[in-house]
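Inspection log for the structure reproduced underneath, given as structure tokens.
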Amino acid sequence: METILGIDLGTTNSEVAIIRNGQPYVLPDDDGQPILPSVVGLDAQGKLIVGRAARNQFVLAPERTVISIKRKMGEETRVNLGDQQYTPQEISAMILRTLKQRAEKALGHEVKKAVITVPAFFNEAQRAATREAGELAGLDVVRIINEPTAAVLTYDPHPPEMQRLLVYDLGGGTFDVSIAQVEAGVVEILASHGDTHLGGDDFDQRLLDHVADRFLSEHGIDLRDTPISRSRLLRAVEDAKKALSFEAVVQIEEEFIAEKKGLPLNLKLEVVRAEYEALIEPLLVKTLSCLDQAMEDAQLTANQIQKVVLVGGATRTPFIHRLLQERLGRPVHSEIEPDLAVAMGAAVQGALIAGIDVGPVLVDITPHTLGIEALGEIDGMLTPFYRAPVIERNTPLPATRTESFGTISDGQDQAQIRVFQGESEDTRDDVLVGQFKIEGLAKVEAGNQILIKLALDLNGMLNVTATERLTGLSRHVTIDNALERFRTTERTDAIDRLDALFGTPEDEQFEDQEYGDDEDRILPPSAYQVLGAVASEEANGTPEQRQAVQFGQSLISKAEQCLPEANPEDASELKALLTDLRKAVEKRATAEIHKIGTEVEDILFYMKDN
Ligand code: AMP
């Protein structure tokens, strides 16, 4: 069978994929790297270099290096490379030829055909230029397809029924969001919007400015002023940015990055994820307005979209997942490597053309979100049962993520770490998979940071580590077979409700079974702002009272939401109970709150069952 390559010819990076055993596979270079930076250059000896070597020399030899040529495709222009001038098609052909050679080396035979992807917004001239680049590279371009179309094909070329997907694509230098409809291997793009000058590179720039400003105020030297220190800093912040997708805190360290009065200056700085997120938030808000625009153009609402798919390396940023989940009210899919998904989809398209059978890409994922119980807000109401997600569902395995939490009271010397699995923000509706206590914390002010690392392997072994950032004090437990346990002990709604009513079942596997009181609680980072509220409440009541009040408040809000669906009899009983419950909450009457609350829960339970 003839091989048709799938090629993602990107602004920042390019990849080539083939079909192997019915599955798309991105071919790596000799060093095992699947990504080829879309950079072309001449080295000091005038030899052509493509990829990482060219990217590495860009800062020092811009006159011998061409980056982001995709932005010029379709224009009647020339770019300089050494003392020669080339059309954008010729430069792109050098990248395509490198990928073709890579594929031929891996396959051991010549390859002549390819499917190449382009952005949905590319016009005819840009598409024609891409086709020409392929031909110059010795490839017969059997089809040019849109990048979002390729992403859709990677996720599922043949859904059982018509599906609408939202593809959010944030690469190094460009962003677009598309709404696609797929049925029987045919993808239609209903709407597409984007920003051709927005991507992960802008995140690097924001972080670079932040770090350079701090260095400037500390040492009076601007690292942006010299190309070498700027380039070293850029590399360091990009690495830090990538690490912040998995870690809550990263160290940026560069030795001898500048010199002052003949003495070397080192850069050593810590960046906390929340701080980084504040830097990039304005950029992400822009992407959300594009998303709104695309939805409006397609005349669709969020509940008419069946799947949200993330592509482009920059979508590994967890903040993006959170924002999209909030905006669209559904989990996002990023289980297929986001910077490889487009090339894979191009290979799937090639297989469909060649009549080769391909299935949806298979990846091992965690089917449920893993999170930590903390004091936080659900529907605007403070509750001790808030589940802060750490490893989101659909994350490819193995997965390791760290989140930072804070103690809630001054002098809090221990914290109860409870790990839950499930999709509800309320831990009472999720499954407890393990818990332990970290004791001997430094007696410092509230907000003492505890880093919680969850590492889940392919066999479902979950390692949980809690580390006090200030002192390095650490506590670790291993939870055996977390995935399997969940599958086999998966509970019905009714059992969950019973657990919530009668307390969590005992499990001999876990240490420190008894639930600590409020003093053991922790806060997720997003809830630091409620510290003040918690502190002032502390002055007004005992931990039991506060817990009862939070329980009562969250129940009132839940019951209010269920009221419209209640039959007249249940509704009037529920309303009367809620009036009493509000009074009990106001008086902070712990026993009364629990008594009435149990009756309210009973009604809600039977309503759900009927
Ligand atoms: P692409 O053009 O799709 O290859 O995306 C490249 C962009 O993704 C660059 O800005 C990378 O720095 C960024 N990127 C790659 N890995 C990560 C990561 N783990 N977290 C955040 N951004 C990343």
Side-chain angles (χ1 to χ4, degrees), residues 1-10 13-30 32-36 38 95-118 130-131 133-135 137-160 163 165 167 169 180 182-189 307 309-313 333-365 396:
M1 193 78 66
E2 190 168 30
T3 307
I4 303 181
L5 300 178
I7 296 182
D8 173 4
L9 182 61
N13 294 314
S14 298
E15 298 84 24
V16 59
I18 54 159
I19 300 293
R20 211 175 248 175
N21 303 326
Q23 291 272 294
Y25 174 73
V26 178
L27 296 167
D29 65 11
D30 291 341
Q33 300 289 334
I35 288 172
L36 177 78
S38 306
I95 299 167
L96 291 171
R97 197 161 180 145
T98 308
L99 293 172
K100 179 177 183 280
Q101 281 169 352
R102 179 187 290 190
E104 288 172 343
K105 194 165 170 202
L107 294 165
H109 60 78
E110 198 186 1
V111 188
K112 291 197 178 123
K113 293 188 173 176
V115 169
I116 303 180
T117 60
V118 294
T130 306
R131 192 177 282 279
E135 280 156 14
L139 286 166
D140 170 13
V141 183
V142 292
R143 199 165 299 172
I144 297 270
I145 63 167
N146 291 325
E147 287 156 7
T149 300
V152 168
L153 290 175
T154 313
Y155 268 90
D156 199 355
H158 294 289
Q163 250 199 15
L165 295 93
V167 182
D169 181 352
V182 58
E183 201 165 14
V186 179
V187 183
E188 187 188 348
I189 303 295
K307 211 176 212 172
V309 164
L310 305 189
V311 291
H333 285 266
S334 60
E335 52 267 36
I336 298 174
E337 286 290 338
D339 32 24
L340 310 183
V342 169
M344 287 184 179
V348 171
Q349 179 69 77
L352 293 174
I353 294 169
I356 300 170
D357 261 357
V358 272
V361 178
L362 301 173
V363 260
D364 278 307
I365 52 161

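Numbers here are sequence positions counted from 1. The figures here come from the full heavy-atom set of this structure, side chains too, leaving out hydrogens, waters and symmetry mates.
- Using modelled atom types, one side-chain atom of S38 and one backbone atom of G10 make a donor-acceptor pair closer than 3.5 Å.
- V26 and P34 get closest at one heavy-atom pair: CG1-CB, 3.8 Å.
- The CD atom of E2 sits 8.0 Å away from atom NZ of K112, with the distance rounded to the nearest 0.5 Å.
- Summarising the geometry of A351 relative to V358, their closest heavy-atom pair is CB-CG1, 3.8 Å, with the distance given to 0.1 Å.
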* To do: Using the side chain to side chain contact (heavy atoms under 4.5 Å, CB included) rule, take H109 and T3 through it: C-alpha gap first, then chi angles, then the decisive distance, then the call.
  => CA-CA 10 Å; H109 60 78; T3 307; 3.5 Å; yes

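- Residues G350 and I4 approach most closely at O-CD1, 3.5 Å, considering heavy atoms.
- Taking the charged nitrogens against the carboxylate oxygens, E104 and K100 do have a contact shorter than 4.0 Å, which makes a salt bridge.
- Atom OG1 of T149 is separated from atom CG of L165 by 10.5 Å, given to the nearest 0.5 angstrom.
- Here the straight-line distance linking atom CG of L340 with atom CG of L27 works out to 11.0 Å at 0.5 Å rounding.
- Rounded to the nearest 0.5 Å, atoms NE2 (H158) and CD (E183) are 12.0 Å apart.
- Among all heavy-atom pairs drawn from A150 and T117, the shortest one is CB-CG2, 3.9 Å.
- The two residues P396 and E335 have their closest heavy-atom pair at CG-O, 3.3 Å.
- One finds the CD1 atom of I35 at 4.0 Å from the CG atom of D339 (value rounded to the nearest 0.5 Å).
- Distance check, rounded to the nearest 0.5 Å: CG of D169 to CG of N146 gives 11.5 Å.
- The shortest non-hydrogen separation linking Y155 to I336 is OH-N, 3.2 Å.
- For T154 (side chain) and A341 (main-chain N/O), a donor-acceptor pair under 3.5 Å exists by modelled atom type.
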